[in-house]
Student: 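Submitted below is the structure of interest, expressed as structure tokens.
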Amino acid sequence: MRRFRHSAALAATMAACFAAPALAQDDDAPGERRSRLDVTPYIEAAQVVTAELQPGSDVFTYTRLAAGVDAAISGRNSAASVSLRYERSIGWDDDVADFDTLTGVARGSLALVPQTLTLEAGGLAARTRIDRNGATSIGGFGANSDSTTQIYSVYAGPSLQTQVGDVEVTGTYLVGYSRVESPDLVPASSTGGLVDVFDESVSQAASVRAGIAPDMVLPVGLGVGAGWNRQDISNLDQRIDDRHVRGDITVPVTREIALIGGVGYEDVEVSSRDALRDSDGDPVIGPDGRFITDESQPRQIAYEAEGLIWDVGVMWRPSRRTSLTATVGRRYDSTTYYGSLSYAPSANSSFSVSVYDDITGFGGQLANSLNGLSTNFEAIRNPVTGDLGGCVGGVEGENCTLAGLGSLRSAIYRRRGVSATFSRVMGRTQLGLGVGYERRKYIAAAGTVLAPLDGITDENYWVSAYAGRQLDRQSSLNFNASASWFETGLDNAGSTLGYSASVSYYRTIIAGLSGTAAVGLDGITRESLPDYTSASALLGLRYSF
């Protein structure tokens with residue numbers, strides 16, 4: 001039964017799912033890293049022409065100036081990757097506004113006490129477009145920036161893993177902050193109702209567990225743990241407060257298969273305040289287009305569940321490169337399913353599937369995605385706009401945070417979904433693919449301005465793909481594309497299809513200096529509004545130091 005010596009740690013990962021989605025651990029083993037330092041700062045200048053194909057026929061020309069850095073650092077006890085870029089777009093016409101953009105993603109892990117205490121941290125800055133039904137879409141919309149907004153998220157916290165005799169002890173605490181800036185054009189639904197765009201939130205997640213692996217003391221593995229998930233959202237002072245305790249058991253069946261299960265107690269509460277009302281009883285809206293919270297009124301309960309929770313499942317681990325966990329149980333007063341599949345047949349390819357079910361807000365979801373990102377990644381960017389693409393990729397897997405954003409509404413929701421990613425390096429060729437589906441059911445207190453959202457569901461399907469080919473020592477060809485289909489249950493809100501695709505050619509001119517030629521197609525299709533489509537072309541130079 002030696003293959004399940006570490007099954008207690010795997011069961012701890014399941015227990016962490018009850019604490020908060022932001023508690024997933026990095027799969028890298030710091031002690032196995034080779035020391036590596038790769039830092040590449042650069043400056044860039046490019047000329048862009050964007051032609052609006054529909055609903056109009058305008059042509060916009062602008063100059064793009066940028067400075068950034070791509071870096072990867074790893075050693076025996078630490079690792080980090082970062083891609084950060086600042087860009088200034090200068091229009092050639094009075095109708096084209098100048099604007100600045102900061103985009104980037106970072107993920108790091110530092111062993112404070114080697115193989116025992118680790119500091120985890122990450123950050124994201126990205127730009128997205130928001131439609132009037134709350135849907136987001138990524139892509140280059142040229143000078144049409146009124147509906148775009150900036151998204152920021154950071155998180156950090158310690159992670160503990162140690163052995164006390166035969167007992168393995170693990171613990172994690174993470175705190176995150178997320179913010180969405182107000183778009184210049186405040187979105188409103190087809191019926192004129194305001195879309196309350198997420199503002200900012202602070203999320204905290206903590207868990208602790210002690211357990212013994214099978215065949216250490218008993219033929220089975222046993223564990224006990226506790227967790228806490230708290231999210232405070234500025235919009236209408238919304239809050240998630242989720243606490244639990246649980247015990248779990250691992251029963252080996254064969255060298256590769258084990259039955260797993262757990263039972264515990266959970267107390268979940270979702271609450272908020274109402275918007276400030278004027279003399280006519282209408283909600284008061286602030287200058288940023290968001291509802292103003294009435295701090296004088298008591299907090300109102302939107303959802304609460306207290307009582308027994310349980311789950312049973314199977315764990316399959318035929319090798320170090322393959323693992324599968326699948327469970328079914330009871331949580332949130334209903335049946336819940338979750339699990340994961342990880343398959344890495346070689347160091348150059350990986351495939352993963354994740355099935356999830358939790359209650360969260362937009363900020364908590366961002367922190368979860370960041371924490372799930374590997375410390376060894378390569379940021380994939382739109383060559384025309386410089387924005388981050390739908391997925392961040394690398395040979396250790398992909399994370400499709402931006403492809404699966406869905407809606408920017410502030411309301412708390414229960415999300416259920418599945419995502420799958422695939423990446424492969426074949427000599428000079430790199431491939432990456434991500435697909436997913438997510439269903440969000442909103443939770444709001446009766447009698448508040450968000451009450452019409454309670455029980456309403458949004459569905460989001462997304463796909464993101466990337467392909468790159470090194471043609472020779474001086475040149476390469478890349479393709480990337482993303483698309484998302486969003487449908488909301490709100491009356492008359494309609495569905496939205498957003499898409500973006502680009503092809504780019506890179507060539508080294510002299511040492512440090514390279515040229516870029518790229519074309520791109522971006523658009524958004526809506527049921528009750530005219531479609532928007534634009535085509536862009538770029539010629540640029542980059543100098544890397």
Side-chain angles (χ1 to χ4, degrees), residues 1-21 23-27 29 115 159-172 206-229 242-266 307-344 351-358 372 416 418:
M1 303 296 178
R2 294 299 183 185
R3 291 185 185 271
F4 287 98
R5 180 176 178 82
H6 301 290
S7 60
L10 296 176
T13 303
M14 293 176 52
C17 292
F18 283 102
L23 294 182
Q25 298 298 307
D26 195 301
D27 291 333
Q115 301 183 21
S159 177
L160 172 70
Q161 183 171 350
T162 188
Q163 198 80 18
V164 181
D166 293 330
V167 179
E168 183 181 42
V169 179
T170 58
T172 306
S207 69
V208 63
R209 180 185 181 277
I212 55 173
D215 297 328
M216 296 294 290
V217 177
L218 299 171
V220 300
L222 298 174
V224 61
W228 174 59
N229 174 26
D242 183 354
R243 308 163 190 261
H244 82 269
V245 294
R246 62 169 274 153
D248 56 74
I249 184 171
T250 303
V251 183
V253 178
T254 69
R255 290 176 58 85
E256 300 176 350
I257 299 175
L259 301 179
I260 52 179
V263 63
Y265 173 87
E266 184 174 39
L308 183 71
I309 56 174
W310 60 267
D311 61 79
V312 293
V314 62
M315 182 169 57
W316 178 54
R317 192 171 187 178
S319 70
R320 295 182 59 185
R321 295 184 177 276
T322 304
S323 64
L324 168 69
T325 301
T327 66
V328 60
R330 180 88 178 168
R331 192 183 181 197
Y332 306 135
D333 289 332
S334 63
T335 303
T336 181
Y337 306 89
Y338 59 91
S340 64
L341 168 65
S342 176
Y343 175 56
F351 174 72
S352 64
V353 179
S354 175
V355 178
Y356 52 88
D357 182 356
D358 56 45
R416 300 183 181 187
V418 57

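What you are looking at is a predicted structure, and each value in this text was computed from that prediction instead of being measured.
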Student: Might you point out which heavy atoms bring Val220 and Pro252 nearest each other, and give the distance in Å?
Tutor: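 Smallest heavy-atom distance, with atoms named: CA-CD, 4.4 Å.
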Student: How would you list, by chain and number, every residue that makes a side chain to side chain donor-acceptor pair (under 3.5 Å) with Thr335, sequence neighbours excluded?
Tutor: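 Thr335 satisfies side chain to side chain donor-acceptor pair (under 3.5 Å) with no other residue.
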Student: Counting C-beta onward and ignoring hydrogens, is there a side-chain heavy-atom pair between Tyr343 and Leu324 closer than 4.5 Å?
Tutor: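 Heavy-atom side-chain distance check fails, nothing below 4.5 Å.
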Student: For Val208 and Thr170: C-alpha separation, side-chain torsions, deciding distance, then whether side chain to side chain contact (heavy atoms under 4.5 Å, CB included) applies.
Tutor: CA-CA 6 Å; Val208 63; Thr170 58; over 6 Å; no
Student: Are the side chain of Arg330 and the backbone of Asp333 linked by a donor-acceptor contact shorter than 3.5 Å?
Tutor: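 Answer holds: yes.
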Student: Between atom CZ of Arg246 and atom CD of Glu266, what is the distance when rounded to the nearest 0.5 Å?
Tutor: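 That separation rounds to 10.0 Å.
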Student: Rounded to the nearest 0.5 Å, what separation is found between the CG atom of Asp248 and the CD1 atom of Ile260?
Tutor: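 Spacing of CG (Asp248) from CD1 (Ile260) equals 9.0 Å.
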Student: Check side-chain contact (heavy atoms from CB on, under 4.5 Å) between Val353 and all other residues, then give those that pass, not counting sequence neighbours.
Tutor: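 Checked Val353 against side-chain contact (heavy atoms from CB on, under 4.5 Å); matches are Leu341, Phe351, Val418, Ala420.
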Student: Do the side chains of Arg317 and Glu256 get close enough for a salt bridge, i.e. N-O under 4.0 angstrom?
Tutor: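 Not counted as a salt bridge, because no side-chain N and carboxylate O are separated by less than 4.0 Å.
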Student: Spell out, as yes or no, whether a donor-acceptor pair under 3.5 Å connects the side chain of Arg321 to the backbone of Ala344.
Tutor: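 Checking the backbone N and O of Ala344 against the side chain of Arg321, a donor-acceptor pair under 3.5 Å is found.
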Student: Nearest 0.5 Å, what's the CG-OG1 distance between Asp357 and Thr336?
Tutor: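 Result: 3.5 Å between the selected atoms.
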Student: Quick one: pull up CZ in Arg331 and OH in Tyr338 and give me the separation to the nearest 0.5 Å.
Tutor: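 Reported to 0.5 Å precision, the distance equals 7.5 Å.
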Student: Of all heavy-atom pairs between Ile212 and Asp166, which one has the smallest distance, and what is that distance?
Tutor: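 That would be CG2-O, 3.4 Å.
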Student: Nearest 0.5 Å, what's the OG1-CH2 distance between Thr322 and Trp316?
Tutor: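 Thr322 atom OG1 to Trp316 atom CH2 measures 6.0 Å (nearest 0.5 Å).
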Student: Should Asp358 and Arg416 count as an ion pair when the cut-off is N to O under 4.0 Å?
Tutor: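 No salt bridge links Asp358 with Arg416.
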Student: Hey, what do you get for CG (Leu222) to CE (Met216), rounding to the nearest 0.5 Å?
Tutor: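 Atom-to-atom, Leu222:CG and Met216:CE are 12.5 Å apart.
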Student: Classify the side-chain pair Asp311/Thr327 by whether it contains a donor and acceptor separated by less than 3.5 Å.
Tutor: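 No - no donor-acceptor pair under 3.5 Å links their side chains.
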